[in-house]
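Take a look at the structure below.
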Amino acid sequence: MNEEYGDAYPVEVQWWRPRRVTAADRRPRIAALPGDGIGPEVVAAARRLLDALGEFDVTEHLVGGCSIDEHGTALTDEVLDACAAADAVLLGAVGGPKWESTDPDAPRPEQGLLGLRKGLGLYANLRPVRPSVALAHASPLREDRIRGTDLLVVRELTGGIYFGDRGRADGEAHDTCVYTVEEIDRIARTGFEAARSRAEGGAKGGKVTSVDKANVLETSRLWRETVERLASDYGDVELEHVLVDNAAMQLVSAPARFDVILTENMFGDILSDEAAMLTGSLGMLPSASLGEDRPGLFEPVHGSAPDIVGTGMANPLATFLSVALMLRYGLDRPGDAERVEAAVEAVLERGLRTPDLSWVEPGRPPMSDLPAEVEVGTEEMTDAVIEELQR
Ligand code: IPM
Ligand code: MG
């Protein structure tokens with residue numbers, strides 16, 4: 001028990017125990033939310049992948065801009081209820097230029113995603129970054145910089161400036177960042193548990209880098225104090241505190257030094273895009289959003305990519321890797337998760353690339369030890385991954 005705060009906050013926070021282990025006599029229920037932009041394209045690809053893996057009950061619902069068009073709101077109560085009743089939620093992407101507006105009263109597609117996070121209590125967002133060897137040269141960083149990078153961003157997802165009071169009046173606007181000890185405590189435990197389990201799993205591991213801005217922000221000082229206090233429960237895990245600006249710098253100068261990056265909502269949003277780019281493309285980064293007792297939400301990080309909608313060139317791999325996270329953390333099927341991850345790695349090794357991945361520095365000679373790159377679209381990439389699965 002802590003003297004300053006009492007023992008009001010939970011002592012035990014589960015790591016990622018799936019909410020419901022599906023009974024053998026029924027299929028896992030997945031609420032699929034294709035959303036906007038390339039969302040429907042990558043979710044359709046994921047449904048083909050799921051069909052190849054086994055039997056799942058998938059139902060589709062509207063969220064984001066398409067829901068605004070249909071119902072005037074980015075997330076209806078019916079859709080939230082349907083998601084809450086599912087075993088897992090798979091989301092494509094939300095947003096697009098059509099719904100962009102600076103009018104504070106206009107409905108926004110992102111409210112759909114934020115409403116799901118809040119409504120399902122999904123406070124822990126996991127974004128694993130492990131650049132594939134086959135893509136090392138597609139990274140904007142030199143290969144020797146990214147070698148050995150295997151990190152996990154553990155981002156707080158239901159608090160901070162995203163959900164604090166905001167408003168605008170008389171030529172002035174404000175957004176408020178608020179954190180409670182309880183909120184920090186539970187996400188910090190998730191970070192420590194993740195580091196511990198990564199160390200046990202044989203991955204390099206056992207270190208938490210807690211990222212804050214404690215030299216300026218009061219919420220960050222509470223964050224640091226709370227994380228520090230927890231460290232005694234996790235004596236086997238190394239803990240360091242790094243200021244967010246410094247963390248942004250080290251992510252590009254020495255990414256391999258990180259194991260678990262534990263941080264608040266806004267810092268995690270920014271750092272995870274930066275970390276994603278280490279893999280060569282935002283099109284590769286999956287994400288899992290987990291809570292205590294409601295279904296998890298699994299989504300690629302890339303967003304709706306309005307510039308390539310309908311071209312058939314969307315990279316489905318981040319969605320496939322999100323399906324793998326769903327199988328592991330949401331549906332308790334770790335074996336299937338590994339099969340999907342191995343199949344994705346195999347197609348990359350074969351040289352298959354969607355355009356976002358086939359970035360090659362102009363004038364740079366091809367590397368002799370790499371297979372020739374073959375540019376493919378969403379369909380062919382999906383065919384190839386399914387083919388690998390069935391090998
Ligand atoms: C993300 C996205 C969202 C966020 C947007 C779409 C609201 O950028 O999941 O990182 O800021 O959390
Ligand atoms: Mg983001």
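Throughout, residue positions are numbered sequentially from 1 according to the sequence presented. Every number for a ligand or one of its atoms is a count from 1 in the order of the listing. Side-chain atoms are counted along with the backbone in the values below, which use heavy atoms only and exclude waters and symmetry mates.
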With a 4.0 Å cut-off on heavy atoms, is Arg155 in contact with ligand 1? yes
Is the closest heavy-atom distance from Gln111 to ligand 1 below 4.0 Å? no
Classify the angle between the aromatic ring planes of Tyr234 and Phe192 as parallel (below 30°), tilted (30 to 60°) or perpendicular (above 60°). parallel
Between Leu251, Leu151, Ile261, Val301, which is the residue that forms a side chain to side chain contact (heavy atoms under 4.5 Å, CB included) with Val129? Leu151
Short N/O distance, under 3.5 Å, between Asp269 and ligand 1? yes
State the CG-CG distance between Leu53 and Leu389, to the nearest 0.5 angstrom. 5.0 Å
If you look at Asp269, which of its N/O/S atoms is nearest to the Mg ion (ligand 2)? OD1
Verify whether one side chain among [X] and [Y] offers a donor that lies under 3.5 Å from an acceptor in the other.
X	Y	answer
Glu78	His71	no
Thr176	His174	no
Arg48	Thr382	no

Could you tell me the residue and atom name of the protein heavy atom closest to atom 11 (O) of ligand 1, and the distance to it rounded to 0.1 Å? Tyr162 OH, 2.5 Å
Close-contact set for ligand 1 against [X] heavy atoms, below 4.0 Å:
X	answer
Glu110	6 (C), 7 (C)
Arg127	1 (C), 9 (O), 10 (O)
Arg117	1 (C), 4 (C), 9 (O), 12 (O)

Flag Asp273 as yes if one of its N/O/S atoms falls below 2.8 Å of the Mg ion (ligand 2), otherwise no. no
Would you confirm whether Arg155, through its side chain, and Leu271, through its main-chain N or O, come within 3.5 Å as a donor-acceptor pair? no
